[in-house]
Amino acid sequence: MLVPNFNIKAVDSTNNIWKEMEKYWNSLGDDYQIDFTEWMQRFTIDMIIEITTGKRTYTLPVYFNKLTTKKLVDIPPAILDDSEYFIHNMQKYISTFTTLAVFPYYIRHYMPILRNITKVGIECRNNVHGKILEIIKNRRKEIEENNDVVFDDMLTLLIVANTERDEIYKNSKPNLRPMTDDEILGNIRDAFIGGSETTKNAICVLVYYICKHPNVLKNLRQELDMIFGDYLDRPFILDDLSELKYCETVINESARMHHIAHSVRRVNSEPDEVLGYQWPASSEFLMFFEGSNKNPQYWKDPEVFNPDRFMSDDKIVKRNFILFGGGVRHCPGKKLAMIQMKGIIATLFRKYDVTLVNEELHYKSMLSNSIINGMFIKIKLRNMAFH
Ligand code: HEM
């Protein structure tokens, strides 16, 4: 994932997949109620798979085909079915995470209500793993058969790491072995899950808060119009993103209001003292980000949505805001997530007026995250006369 041109790939992929999704939306008509959560789920899955493996999945067109008989998609049915099989298993697997993570082995395997959830979760996890292993094996074969082709996605880099095809390894010969299929599987699976569910939820929250605050939308559009001028359709580039300063404050503030990965767990390897208490090794800590992001000691009117608070250089505000975790295990997809969030906000609100169908944000709070459900929007071409 950390290849030099990775950000450019992420920008291209966001632009291309967005264009495709926009074509589907437009064909469904102005008055169509878009299930934004479902579209975003599919958008983020198609995108993370493309940028980590270089292969495109087609969960977006499959969904479009379910909604209409219009013929916009020209992809063989077997390929579409394959994508649907994958997203179905991913969604089920993710929905059983809490049961698999929280309940001890005997409870989750033998307690009547949990037994079935566990069974489905394990079955879907095995199907997801099987699919990823198939992608890994195919790519190994492609690499072996193509001496000259340079593949520069995350999957290929993991496969060639510490082999003769790896430039760094070839030049310094460190005493390291290549990664096994299982190790690669773990990394790719974490990127698929980390890079789809969280981003989908974060984008929904962001769009919700912008729609609810017309004054924020006005400021945001001022910034967008300054950067993009009258070009409502110009794909964004990396340079645009670094100029989107106000947009970044809106992203931070919406995450502060409703963090979609609100806590993480940590275990101490050695005895330690925290807040005057002694903690033996292997104590489990739950780091509750929302506690810090809304603590009235640091935030004025913490329940008020006010992106301007991030405009100031207030060190206390900056130090107490947590979005992507911290320390050595902080989120490796931070940059990618910012590209997607800024890119989508810039593209959507530059061109369209967006209306929320429901006034409230529907979500389910889980042990460490929040899942947004059933967020419907309507879009129509932006009325430039009023903005
Ligand atoms: C708005 C979107 C996202 C948010 C809010 C988010 C948030 C987080 C948070 C809070 C953590 C835990 C960090 C810690 O323990 O200190 C994390 C971990 C992780 N994230 Fe993200 N993330 C997002 C997007 C992504 C993306 C796009 C990827 C794609 C690669 C990704 C991959 C991961 C992985 C693999 C981990 C586990 C890292 C580890 O345990 O070492 N995330 N993320």
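As the structure lists them, so they are numbered: ligands from 1, and atoms in each ligand from 1. Atoms considered below: every heavy atom in the structure, side chains included; atoms not considered: hydrogens, waters and symmetry mates.
No N or O atom of I48 sits closer than 3.5 Å to an N or O atom of ligand 1. Polar contact with ligand 1: absent for A261 (N/O pair, distance under 3.5 Å). At least one N/O-N/O distance between R329 and ligand 1 falls below 3.5 Å.
Looking at H109 and R115, their side chains never bring a donor and an acceptor atom within 3.5 Å of each other. The closest side-chain donor-acceptor pair between H258 and S370 falls under 3.5 angstrom. Looking only at atom types and distance, the side chain of R265 has no donor-acceptor partner in the side chain of S368 under 3.5 Å away.
Within ligand 1, counting atoms from 1 as listed, the ones closer than 4.0 Å to a heavy atom of G326 are 16 (O). Close contacts between ligand 1 and I260 involve ligand atoms 5 (C) [criterion: under 4.0 Å to a heavy atom]. Interface atoms of ligand 1 facing G325, defined by a heavy-atom separation under 4.0 Å, are 10 (C), 13 (C), 14 (C), 16 (O). Atoms of ligand 1 found under 4.0 Å from any heavy atom of V264 (numbered from 1 in listed order, with element): 12 (C), 14 (C), 15 (O). Counting atoms of ligand 1 from 1 in the listed order, those under 4.0 Å from a heavy atom of F289 are 10 (C).
The closest heavy-atom contact to atom 43 (N) of ligand 1, among the options G195, A202, A337, C331, comes from C331. Residue nearest to atom 32 (C) of ligand 1, selected from S263, G194, G186, S196: G194 (by heavy-atom distance). Considering only non-hydrogen atoms, atom 23 (C) of ligand 1 lies nearest to T198 out of I51, V205, T198. Nearest to atom 35 (C) of ligand 1 by heavy atom, out of S368, P332, G327, G333, is P332.
F86 and F192 have perpendicular rings, their planes meeting at more than 60° on a 0 to 90° scale where under 30° would count as parallel.
Look at K55 and D153 and you find no salt bridge, because none of the NZ, NE, NH1 or NH2 atoms lies under 4.0 Å from a carboxylate O. Ion pairing between K200 and E197 holds under the 4.0 Å rule for side-chain N and carboxylate O. With respect to D233 and R350, no salt bridge is recorded, no charged nitrogen being found less than 4.0 Å from a carboxylate O.
Taking 4.0 Å as the cut-off, R266 counts as a neighbour of ligand 1 on heavy-atom distance.
Counting only heavy atoms from C-beta outward, the side chains of R189 and Y93 approach each other to under 4.5 Å.
For K19, the NZ atom is densely surrounded, since the number of other residues' heavy atoms within 6.0 Å is greater than 12.
With a 4.0 Å heavy-atom cut-off, ligand 1 is reached by no atom of K334.
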